[in-house]
Every structure is written in C-alpha cells, then in structure tokens.
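Let me begin by presenting the structure, written as structure tokens, before commenting on it.
Hydrogens, waters and symmetry mates play no part in the numbers below; they use all other heavy atoms, side chains included.
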Amino acid sequence: CYTDSFVYYTKVYGQYMPCSSKYVESTINAVWNALTSYYATYDIKDEDLEKYNLKNPELTVEISYLDENDEEHQETVFMSPRTISGAKFFHRFGSKYIVHMNDENYEKFLNASYNTLRPSEMVLADWNTVKQVTVNIDGERATFDVSKEGSKTLFYKDGEEVDLDSFSRDVNKLEYVEFMDGAALKKKEAEIIFTFDNEKWPSMKCEIYKYNGSTCVIKVDGRITGTVKREDCVRVIEELNAVILGE
C-alpha cells in the first residue's frame, strides 16, 4: 500500500485493499470481550446446541493468530441469532461453553464487509514518504516538492518554500460520509496527485467532484469510492488555491 499505517487487508476489486485497524480489531475484540460475559451453559450437550440454534449457526467466524511464541492458532466461533430473554449466543469450537453475546457485538459480525471495515480517511498520507504533490484546480496546475525537516513537512514551489501546513493536516482529515461504487459526476473541482517514495505504490490520484450542497464525490485512482463533506473539501481546495494563485 502507499503507507505502512495499514496492517489488515482484504481482497476486493481484484486486488488487496487496506482495512482500518480500529474497525477490524473492534470486530475481533467483540468475541474476546464476550468470553467474560454471562455463560448460558458450562457443559454443553447436543440438545444445548439445538436449543440455542448452534447446530446450524447463522454465522461462523474463523480467526487465525500467532501467540507470543509465534505458534499459529485458529479459533472457530459459531453464532446464533436466536434470542432467549433478549440475549444472542455463541460457541467456541472445542469448548464446553455457550456464552451470551450482546446485540451490538453480534451485529458487528453480521454486517462485516469491506465497507464496514475500510478506512474512513480519503487518504492517509504518510508525509515521511510523500515526495511531491501535484494539484489541478480549474485548469490551474501546480507541483509542490515535499521534504521533511525533523517533524515538520516542508513544501516548495519552483524552488521556493510555500506554506501548506494547513493543507497537509486538513487533507488527512477528509473522511467519508458514505461509501459508494458509482455516482453521477458533476463538475470536477480539484485533482490532487500524491507521489510517494514507494516502488510498489508510487502515486495516488484523488479527484473531487461536486455532488450536492453538503457532499462531494471522491474518485481514487480512477474509481469512485464515496462522498466527503463539501465544507471539508472546500477548505482543502481553498488552502491550495491560495498558494497557487499567490493570494
């Protein structure tokens, strides 16, 4: 990927796409946290699996992991939608227990998909690896060279340093309001190309299109990905425009 910030991936659109560590770990932790919940039964029998609808579970979740000795383990968990006194249930394969599971944790697994686990950020630029930013706004095109000086990110236009501190912060704050795979595109308001010091993922092109009064449609590397708040997009565009036009 274009950044080392992602550690979880899933294969969609014919390629591996990054997932949010926060969302993936929250989903996995839903099982671990449930282990301390109320036990429905401590010594299951066949009739218990039938009673709690776990012989033909609605969900089966498999989690593979390495322990502190780098030995691989696999957990298989069966989940049932059947509620008794308002509780749902799950059973770890090979254990003796059936455990209550709350609705929120159950829904995390039931709805798990790329769109529920993907990062909310439009782009999570690692400014230690960004070499260049190329911008096209209403036909005005500019290229900014990027370098690091300690913790500070420096931008240069035609060899002269320019102030894009606000842009470097605000572009990383652009978050999706809604994910989508298609939309009727209107006027393109900006195009931002990030060039990375990264052989496997050398660049990323983000295009911002007008959608409605409150959101903009985003295309990343030619694919529509979702909508972002219009006011946040306008802020980033204005910050770039001020430098491009020398205002």
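Between Asp232 and Lys173 there is no side-chain heavy-atom pair separated by less than 4.5 Å. The shortest side-chain heavy-atom distance between Glu191 and Thr134 does not fall under the 4.5 Å cut-off. Side-chain contact between Ile208 and Val236: absent, with no pair of heavy atoms (C-beta onward) separated by less than 4.5 Å. The shortest side-chain heavy-atom distance between Tyr97 and Thr41 does not fall under the 4.5 Å cut-off.
Separation of the Phe89 and His100 ring centroids falls under the 6.0 Å cut-off.
Aromatic ring pairs are classed by plane angle as parallel below 30°, tilted from 30° to 60° and perpendicular above 60°; the pair Phe155 and Phe144 is perpendicular. In this pair, Tyr2 and Phe6 present their aromatic rings perpendicular. The plane angle is above 60°, beyond the 30 to 60° band.
Under the 4.0 Å criterion applied to side-chain N and carboxylate O atoms, Lys148 and Asp126 are not assigned as salt-bridge partners. A salt bridge between Glu107 and Lys88 is absent, with no side-chain N of the basic residue lying under 4.0 Å from a carboxylate O of the acidic one. Between Asp48 and Lys51 there is no salt bridge, since no side-chain N of the basic residue sits under 4.0 Å from a carboxylate O of the acidic one.
Smallest separation of non-hydrogen atoms from Ile193 and Lys205: CG1-CG, 3.8 Å. Counting all heavy atoms, side chain and backbone alike, Pro57 lies closest to Phe78 at CG-CD2, 3.7 Å. When all heavy atoms of Ser64 and Gln74 are compared, the closest pair comes out as OG-OE1, 3.1 Å.
Atom CG of residue Asp221 and atom OG of residue Ser203 lie 6.5 Å apart, to the nearest 0.5 angstrom. Atom CG of Asn115 is separated from atom CE of Met180 by 10.5 Å, given to the nearest 0.5 angstrom. Of the inter-residue distances, the one linking Ile137 atom CD1 with Asn241 atom CG reads 4.5 Å to the nearest 0.5 angstrom. From Phe194, atom CZ reaches atom CH2 of Trp201 across 13.5 Å, with rounding to the nearest 0.5 Å.
By the rule that hydrophobic residues join a cluster once side-chain heavy atoms approach within less than 4.5 Å of another member, Tyr156 and Ile192 end up as members of separate clusters. Both Ile28 and Phe90 are members of a single hydrophobic cluster when ILVMFWY side chains are connected at heavy-atom separations under 4.5 Å.
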Could you go through the side chain to side chain contact (heavy atoms under 4.5 Å, CB included) check for Cys233 and Glu189 one step at a time?
CA-CA 9 Å; Cys233 291; Glu189 302 206 321; 5.8 Å; no
Run Tyr176 and Met122 through side chain to side chain contact (heavy atoms under 4.5 Å, CB included) and show every step you take.
CA-CA 6 Å; Tyr176 288 106; Met122 183 188 93; 3.9 Å; yes
Stepwise, does the side chain to side chain contact (heavy atoms under 4.5 Å, CB included) test hold for Tyr52 with Ile44?
CA-CA 11 Å; Tyr52 295 106; Ile44 63 168; over 6 Å; no
Does the pair Thr215 and Asn212 meet the rule for a side-chain hydrogen bond (donor to acceptor under 3.5 Å, both in side chains), with working shown?
CA-CA 6 Å; Thr215 60; Asn212 55 37; 2.9 Å; yes
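No more than 12 heavy atoms of other residues, nucleotides or ligands lie within 6.0 Å of NZ in Lys210, so this atom counts as exposed by the packing criterion. By the neighbour-count criterion of 12 heavy atoms within 6.0 Å, atom CG of Asp4 is sparsely surrounded, having that number or fewer from other residues, nucleotides or ligands.
Each of Ser20, Ser5, Pro119 was checked for a side chain to side chain contact (heavy atoms under 4.5 Å, CB included) with Leu124, and the lone residue meeting it is Ser5.
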